[in-house]
Amino acid sequence: MKRLVWITGAAAATLAVLMAQSDFHGVILGNGSLPALAVPDFRGDGQAQSFMEVFNKTLWTDLAGSGLFKMVAKGSYPLAIPQQLTDFKMAPPAGSTPVRRGQAPPTGGGLWMSDWSSPPAQANYVTVGYSAVQNSLFVLRGWLVDLSIPDPANAGALAKTYIESLDEAGARKAAHEFASDILERFGAKSLFGTHIYFVHRTGSLKAPVAEIWSMDPDGKNQKPITRYNAVSDFPAASPDGSKVAFTSWVRGNPGIFVFSVDPVRDLRFYNQRGAAVTASPSFTPDGKQIVFESSVSGCCGIFIANVDGSGVHPITTGRVIDAEPKVNPKTGSEIAFSSGRSGPEQIYRMNIDGTDVERLTDGTGEASNPSWHPDGQFLAYAWTRGYMAGAFNIFVMNVARRDYLQLTHSEGKNENPSWAPDGKHIVFMSDRTGRPQIWSMLADGSQQQQLTSEGSNLHPVWSK
Amino acid sequence: MFSKRKITVICLAVSIALFAEGCKKKVPVPPPPPPPAPAPAPAVAPPSAPVVGQFTAEPSTIQRGQSATLRWEVSGEAASVSINNGIGTVRSTGSQQVSPTSSTTYTLTATGPGGSITSSATVSVVVPPPPAPPPPPPPPAIAPKGTLPDRVTSDIQDAFYDYDKSDIRGDARDALTRDAAALKAILADFPNASIVVEGHCDERGSAEYNLGLGEARARAAMEFLVSLGVPAERLQTKSWGKERPQCTESTEECWQKNRRAHFSSGQ
């Protein structure tokens with residue numbers, strides 16, 4: 001009897017998970033039929049070869065990380081790798097060479113397109129190309145070949161030349177741009193050129209230092225934005241990517257700062273006097289206002305103000321702790337936030353005027369860090385559901401249906417999810433390596449990739 | 001051995017001798033008689049005695065340590081003019097600064113062929129009143145005072161909280177009651193100081209939520225202290241959320257250490 005109950009329970013749970021997952025197909029999980037892409041290593045002429053390892057690695061990571069392709073494993077490629085479109089030879093018409101039983105079918109060794117489209121590679125597309133040094137610059141020629149078109153002369157879905165500086169940064173940039181052009185060919189936008197802001201923590205336990213930093217989506221070009229030698233935290237990016245708002249203890253009590261990022265400049269947000277806590281800012285979709293948590297009328301309510309700190313008015317009362325307000329980027333008319341109003345921290349939503357408050361998470365464990373998907377239908381968040389207190393994992397919720405999908409599975413603490421502008425990637429913090437570091441992944445939880453490794457790094461936010 | 005009586009007699013004798021010696025010093029010895037005048041030259045008119053026109057002390061009264069000026073003028077034939085009390089032979093007209101430590105009468109003796117004459121001037125020395133004593137040293141503090149941060153660190157205890165709560169529980173009540181007394185003493189000793197009530201949290205929950213929880217804890221502690229008479233205007237709250245933990249282990253022991261109100265000195 002006991003066993004039957006258990007089996008029934010397990011079956012119900014499995015069914016629930018399957019049903020839950022089915023609601024995310026399309027946006028979060030994709031539709032399952034991805035084009036198979038072969039990305040053989042490109043070679044370089046002379047000095048250019050020394051940068052090709054970086055190039056090949058970057059190109060593969062960008063294409064694999066996009067989630068748009070089924071990447072064909074390199075071990076299944078033919079031996080001869082074409083270096084340009086004209087290296088492909090037209091395969092003789094089928095049946096022109098009789099194949100005897102027990103004999104392998106004829107191949108071009110890699111120079112026929114069918115060598116790539118048939119087993120074991122079974123690719124739909126292949127990238128080919130090479131690099132060379134010209135006038136002390138790194139020049140890359142790249143093609144995307146559509147293997148469904150019989151005549152190689154017409155199969156070039158993309159043919160591009162990239163001219164960059166002759167160093168690793170130049171090779172990396174060529175790879176990012178080539179990948180970006182390939183993604184665009186498939187109707188997707190590359191994250192190359194976007195930025196991730198995050199908190200870089202150093203110092204001791206007694207005297208911690210936390211500065212706001214920025215980096216590229218692949219973890220490169222890490223650099224500080226603030227140099228306060230104090231604790232600054234909770235960065236948020238403006239919708240146009242030109243500003244970053246954050247909280248800092250540099251003047252004593254936590255207060256909000258708004259900086260432009262290029263050039264880095266303090267835009268002077270006015271913090272109300274008499275509020276011991278003014279923190280956790282985020283922008284409205286028009287970029288003109290900021291929602292934040294403040295203790296001005298009790299601790300801590302949600303407030304809205306203009307981007308310079310003027311025109312403050314309350315949205316919630318501050319009789320309980322409300323935190324992390326995030327305005328729906330699509331509608332601009334609702335706010336997701338975390339609150340302790342029903343006990344341990346949970347995720348709630350309300351209209352931007354404070355009406356119609358509803359709890360979104362089911363009350364189990366602790367739920368925090370809501371982050372809106374760009375389409376305004378999904379929230380990524382951190383939840384301890386199914387684990388001990390404090391052991392967060394990243395989840396995604398379909399806000400209308402309240403069903404959810406777990407993306408990380410107890411590999412340390414996983415918190416602070418933030419959606420990429422493409423709506424397909426999530427950047428987050430994980431301490432699975434022993435220290436908090438920043439990771440990125442696809443929205444289905446795959447392609448997890450560590451972006452930082454020095455010091456402690458947390459609270460990432462993905463900006464345009 | 002001497003008998004007691006003998007000792008007394010000896011002591012008395014010595015005392016009298018010393019006393020006599022003391023008296024001798026005080027009463028100046030009269031000047032020795034002038035040497036006999038040489039035999040007058042024959043057929044010369046007998047010389048007239050010198051005349052002391054003036055012998056004064058200006059001012060005649062001084063405070064000890066100050067000086068007075070003796071002035072004198074001797075006319076007529078004077079072979080020698082001298083002043084006692086260590087001044088000695090002087091010219092017939094002159095002045096001399098003196099700084100006696102006690103009242104002194106100076107005697108001027110002018111001797112000439114016609115005889116000698118004396119005149120006196122007295123400098124009275126007034127002993128000034130003793131200077132005022134230095135101000136008394138500050139009374140020693142009952143406890144060593146130390147700096148404000150030292151006092152806050154040594155005298156004020158943290159108050160601890162339950163998970164996700166800002167209520168003042170029993171042990172926190174006791175701690176804060178002791179803190180209230182210590183805070184009043186510190187605020188009295190440092191009249192310009194203010195005290196920061198810091199709210200801290202454990203690592204669970206979002207950092208943003210914990211910022212609010214830390215503030216709620218700091219406020220609850222502050223309100224309790226104010227209810228015990230600690231002046232509210234000398235206290236301020238500051239939430240650190242979970243930004244400044246005492247420890248980082250994921251154990252209840254460490255979490256409890258971090259769920260606290262802590263005190264630091266303000267500006």
Side-chain angles (χ1 to χ4, degrees), chain A residues 199 201 205-208 210 231-234 247 249 252-254 275-282 292-295 298-302 318 320-325 337-340 343-347 365-370 381-382 384 388-392 413 415-416 431 435 458-459, chain B residues 149 153 161-167 194 196-223 232-233 235-252 254-259 261-262 264-267:
Chain A
V199 176
R201 275 185 92 103
L205 206 55
K206 282 216 155 69
V231 174
S232 300
D233 208 337
F234 318 130
T247 307
W249 277 257
N253 278 36
V277 173
T278 313
S280 189
S282 68
F292 57 99
E293 67 180 88
S294 167
S295 66
C299 199
C300 289
I302 290 169
V320 288
I321 299 168
D322 294 330
E324 308 183 80
F337 62 106
S338 67
S339 175
E345 188 177 7
Q346 296 287 313
I347 308 275
E366 299 166 300
S368 61
N369 302 152
Y381 58 104
T384 61
M388 60 178 269
F392 285 97
K413 271 179 266 186
E415 297 181 60
N416 320 141
D431 69 354
R435 302 186 80 156
L458 60 164
H459 287 134
Chain B
T153 306
Y161 297 82
D162 283 334
Y163 170 59
D164 199 29
K165 292 282 187 294
S166 56
D167 310 295
S194 64
V196 179
V197 188
E198 298 177 3
H200 296 268
C201 306
D202 69 30
E203 62 171 354
R204 295 171 293 175
S206 71
E208 294 89 338
Y209 177 84
N210 277 312
L211 208 50
L213 185 58
E215 177 62 16
R217 285 175 178 164
R219 278 191 185 205
M222 177 174 156
E223 279 161 18
E233 68 277 8
L235 299 175
Q236 58 195 78
T237 59
K238 180 179 195 168
S239 177
W240 277 105
K242 58 176 182 176
E243 303 282 336
R244 294 186 75 162
Q246 305 255 71
C247 51
T248 54
E249 296 85 47
S250 295
T251 61
E252 175 50 33
C254 172
W255 290 334
Q256 176 61 87
K257 276 189 200 164
N258 288 331
R259 295 192 302 264
H262 178 73
S264 60
S265 50
Q267 290 83 7

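Quick caveat, the model's predicted, so the values are computed rather than measured. Numbers restart at 1 for each chain; the letters A, B, ... are given by sequence-line order, proteins then strands. Any value given below was found using the heavy atoms of this structure, including those in side chains, with hydrogens, waters and symmetry copies removed.
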Tell me the salt bridge (Lys or Arg N to Asp or Glu O under 4.0 Å) pairs involving residues 238-247 of chain B, sequence neighbours left out? A:Arg201-B:Glu243
Between B:Trp240 and chain A, with a heavy-atom cut-off of 4.5 Å, which part of the residue counts as in contact: side chain, backbone, both or neither? both
Any A:Glu345 side-chain heavy atom under 4.5 Å of B:Glu208 side chain: no
Looking at A:Ser368, A:Ala210, A:Ser295, which makes the most heavy-atom pairs under 4.5 Å with chain B? A:Ser295
Note: vs chain B, highest number of non-hydrogen pairs under 4.5 angstrom among A:Gly318, A:Gly365, A:Ala323 is A:Ala323
A:Phe337 versus chain B, heavy atoms under 4.5 Å apart: side chain, backbone, both or neither? neither
Sidechain-backbone polar pair: A:Ser282 side chain, A:Pro325 backbone, donor-acceptor under 3.5 Å: yes
Carboxylate-amine/guanidinium contact B:Arg219 B:Glu215, below 4.0 Å: yes
How long is the straight-line distance from CZ of B:Arg217 back to SG of A:Cys299, given to the nearest 0.5 Å? 11.5 Å
Report the option among A:Ser294, A:Gly340, A:Ala367 that has the most heavy-atom pairs separated by less than 4.5 Å from atoms of chain B. A:Gly340
Report which part of A:Lys413 has an atom under 4.5 Å of a heavy atom belonging to chain B: side chain, backbone, both, or neither. side chain
Would you mind telling me which of A:Asp322, A:Leu458, A:Asn369, A:Asn416 has the largest number of heavy-atom pairs within less than 4.5 Å of chain B? A:Asn369
Looking only at heavy atoms and a cut-off of under 4.5 Å, which of A:Ala276, A:Ser338, A:Ala382 has the most pairs with chain B? A:Ala276
Would you say the side chain of B:Arg259 lies within less than 4.5 Å of the side chain of B:Arg204, judging by non-hydrogen atoms? yes
In this structure, OH of A:Tyr381 is separated from OG of B:Ser206 (nearest 0.5 Å) by 14.5 Å
Could you look at B:Gln246 and say if it's the side chain, the backbone, both or neither that has a heavy atom under 4.5 Å from chain A? backbone
Residue part contacting chain B, namely of A:Thr384, when any heavy atom lies under 4.5 Å: neither
Only pairs of heavy atoms separated by less than 4.5 Å count here; which of B:Leu211, B:Asn210, B:Asp202 has the most with chain A? B:Leu211
Between A:Thr247 and A:Asp233, does any side-chain donor sit less than 3.5 Å from a side-chain acceptor? no
